[in-house]
Structures are given as C-alpha cells and as structure tokens.
Amino acid sequence: MTSDQTPLVIAVDGPAAAGKGTLSRRLAAHYRLNHLDTGLTYRATAKALIDRGLPLDDEAVAARTAGGLDLSHLDRSVLSAHEIGEAASRVAVMPQVRTALVEAQRGFSQTMPGAVLDGRDIGTVVCPDALIKFYVTATPEVRAKRRFDEITGNGGSADLASIQADIEKRDARDSERADSPLRPAADAHLLDTTEMGIEAAFEAARRLVDAALEH
Ligand code: C5P
C-alpha cells in the first residue's frame, strides 16, 4: 500500500548474475523510482579496504569504512570487476559491516518517491515492509554464461568454468552466513530467469507490481 506520503519500495533479491540488476533498473525506470544496487555498497567497502592496504577481515575497520561510504558515488564500472565481488562477499559476512550498510540502504529506500533495491536481504532484512518482493534465480550454468558473455562482450577475457566455480562459491558463502543469509522472503514472488529471459521477467514483474498497486 502506498500513498503520496509513503515511498513505494520494491525489493529484488537473488544470487549472483541472476538478472536482478537489469530487472531492477527496468522497474525503476518504468515506475520512476530511485534504484540502489546494494551489492555495490559491499563492493565499495571491499575496494576501499583493498585500495588502502587494509585487511578484509578486520570487522571494526571494515565497519568504519562502510559507515563512511557516500551512496551517491558508487561507480559501477570500477566496482563491477569479478574479483571485487569475491572480496565483497567476504566483507559481507561481518555483522557490523551489514549494520552500517543496511542503515544507509534503508535511508535510501525511504527517500521519496521510493526505490527499487536489489541485493540478497532486501525483502528479509532491509525492507521487510516493501510493497512487493521478488526473488530472481537461474541455474548456476546460465548465470555463469551470462557473466561470461558480459565480460567478453566488454572486450575482456574470461574462463567459463572458473566463473561458474566462483559463482557457486559465492552463493554458498552468501547462503550459509549467519547474518542475513541469502534466502527468499516468505512473501516473495519467485522469478526463474533460466528460460524466460529478462524481457519476459520484466513483464511478469510489472503485472505483479500493477496488481499490488491496485490493492
Ligand atoms: O550483487 P553483487 O554481486 O554485486 O554482490 C556482491 C556481494 O555483496 C554478494 O556476493 C554478497 O556477499 C554481498 N551482498 C550482500 N547483501 C546485499 C547485496 C550484496 O551480502 N544486499
């Protein structure tokens, strides 16, 4: 339920390379909402630590770094590197880091007119009262191939088998951690993009959001 005073929040969760980012950007453009890829906040924290020569596993240092981030300056082109995703998932297991970033993410979600947030714990922890929640998945094979095509499409080189191994390792770390593990919220709509492709996923999501807005 939304009103002129209440921000409209759409939560999109799922494992690495499932298509959440593309879906979220499409939804945000369609409904004229802000968009936050919360993975970038974990990536920016990891990159800041690496750049400053600091360890990735010192919780107090990492939490201070996370708390000092400016969410309006998250550069996707710099942060999207595959290795930064791996470092981000190590930083993301630490509760104090999550507390700092979740607070900033919630603040973002409450800014009018509202936002689409994508990540791992949006529907379960960050925005449990979102108007609507999606959980986007695809098989590891399909997700690895998408990541591979993205890297090679941008002129980079990559090895499909090692990308799949990395994705599976990251999924396991994200799903097995104690604080805010990756899992669908009980009231999330599941969207499996293995076969349907992103355009069909967007259409399915749009119909569900329109229906939720009518109630
Ligand atoms: O989505 P992306 O691949 O950019 O996320 C990088 C890492 O950040 C994930 O593997 C996960 O460990 C962490 N993350 C998280 N919670 C979120 C978003 C990302 O723990 N809401």
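In what follows, residues are counted from 1 in the order of the sequence shown. Values below: every heavy atom of this structure, side chains too, minus hydrogens, waters and symmetry copies.
Under the 4.5 Å side-chain heavy-atom criterion for grouping Ile, Leu, Val, Met, Phe, Trp and Tyr, Leu69 is connected to Phe108 within one hydrophobic cluster. Linking ILVMFWY side-chain heavy atoms closer than 4.5 Å, directly or via other members, places Val142 and Ile167 in two distinct hydrophobic clusters. Hydrophobic clustering, with ILVMFWY side chains joined whenever heavy atoms are under 4.5 angstrom apart, keeps Leu182 apart from Val125. A single hydrophobic cluster is not seen to contain both Val78 and Leu71; linkage of ILVMFWY side chains at heavy-atom distances under 4.5 Å, directly or through other members, places them apart.
Remark: Arg147 pairs with no residue by the side chain to side chain donor-acceptor pair (under 3.5 Å) rule, at least two apart or across chains. Taking Tyr31 as the reference, nothing meets the ring pair (Phe, Tyr, Trp, His ring centres under 6.0 Å) condition, with sequence neighbours excluded. When the ring pair (Phe, Tyr, Trp, His ring centres under 6.0 Å) test is applied to His82, no partner is found at least two apart in sequence or on another chain.
Judged as a side-chain hydrogen bond (donor to acceptor under 3.5 Å, both in side chains), the pairs with a partner in residues 90-107 (not counting sequence neighbours) are, in order, Thr41-Gln105, Tyr42-Arg98, Arg98-Asp121. For residues 151-163, the set of pairs meeting the side-chain hydrogen bond (donor to acceptor under 3.5 Å, both in side chains) definition, not counting sequence neighbours, comprises Asp159-Ser162. Sorted by first and then second residue, the salt bridge (Lys or Arg N to Asp or Glu O under 4.0 Å) pairs with a member in residues 24-49 read Arg26-Glu199, Asp37-Arg76, Lys47-Asp51; sequence neighbours excluded.
The shortest heavy-atom contact between Ala212 and Ile132 is CB-CD1, 4.2 Å. Across all non-hydrogen atoms, the minimal contact from Ala11 to Ala130 is CB-CB, 4.0 Å. Closest of all the heavy-atom pairs between Ala62 and Met94 is CB-CE, 3.7 Å. Pro7 and Gly114 get closest at one heavy-atom pair: CB-CA, 3.6 Å. Contact detail for Glu168 and Pro140: the closest heavy-atom pair is OE2-CB, 3.2 Å. When all heavy atoms of Pro181 and Ala178 are compared, the pair lying nearest together is CD-O, 3.7 Å.
In this structure, the side chains of Leu131 and Thr6 stay at 4.5 Å or more apart for every pair of heavy atoms. Leu101 places a side-chain heavy atom less than 4.5 Å from the side chain of Thr45. Here the side chains of Asp13 and Val136 are not in contact, with every heavy-atom distance at 4.5 Å or above. Contact annotation: the side chain of Val12 approaches that of Val116 to within less than 4.5 Å [non-hydrogen atoms, C-beta and beyond]. Taking 4.5 Å as the limit, every side-chain heavy atom of Thr137 sits out of range of all side-chain heavy atoms of Leu191. By the 4.5 Å heavy-atom criterion applied to side chains, Val9 and Gln110 are counted as neighbours. Two residues are said to be in side-chain contact when any heavy atoms from C-beta on lie closer than 4.5 Å; Asn34 and Pro113 meet this criterion. With a 4.5 Å cut-off on side-chain heavy atoms, Asp118 and His35 count as touching.
With Arg52 contributing its side chain and Leu54 its backbone, the two residues share no donor-acceptor pair below 3.5 Å. The backbone N or O of Thr139 lies less than 3.5 Å from a partner atom in the side chain of Thr194, making a donor-acceptor pair. Between the side chain of Lys20 and the backbone N or O of Tyr135 there is no donor-acceptor pair closer than 3.5 Å. A donor-acceptor pair is defined here as one N or O able to donate and one able to accept, closer than 3.5 Å; such a pair exists between the side chain of Arg143 and the backbone of Ala138.
Taking CD1 of Ile10 as the reference point, atom OG of Ser24 lies at 8.5 Å (rounded to 0.5 Å). Interatomic distance, Ile122 CD1 to Leu36 CG, rounded to the nearest 0.5 Å: 7.5 Å. Note: Asp210 CG to Arg207 CZ = 9.5 Å, rounded to the nearest 0.5 Å. If you take CD1 on Ile163 and CD on Glu150, they are separated by 9.0 Å, rounding to the nearest 0.5 Å. Atom CG of Leu23 sits about 9.0 Å away from atom OG1 of Thr193, to the nearest 0.5 Å. One finds the CD1 atom of Ile198 at 5.0 Å from the OG1 atom of Thr22 (value rounded to the nearest 0.5 Å).
The aromatic rings of His30 and Phe202 sit perpendicular, their planes meeting at an angle over 60°, well past the 30° parallel limit.
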Take Asp75 and Leu40 through the side chain to side chain contact (heavy atoms under 4.5 Å, CB included) test and state the conclusion after the steps. CA-CA 8 Å; Asp75 185 345; Leu40 291 182; over 6 Å; no
Would Arg170 and Ser89 count as a side-chain hydrogen bond (donor to acceptor under 3.5 Å, both in side chains) here? Give the steps. CA-CA 7 Å; Arg170 198 136 69 85; Ser89 81; 5.2 Å; no
Side chain to side chain contact (heavy atoms under 4.5 Å, CB included) between His189 and Lys133, worked out: CA-CA 6 Å; His189 298 274; Lys133 303 174 184 179; 5.8 Å; no
Applying side chain to side chain contact (heavy atoms under 4.5 Å, CB included), run through Glu141 and Arg146 and close with a yes or a no. CA-CA 9 Å; Glu141 290 76 12; Arg146 280 189 197 142; over 6 Å; no
Report the C-alpha separation of Phe134 and Leu208 in whole Å, then their side-chain angles, then the decisive distance to 0.1 Å, and conclude whether the side chain to side chain contact (heavy atoms under 4.5 Å, CB included) test is met. CA-CA 10 Å; Phe134 295 104; Leu208 289 162; 3.7 Å; yes
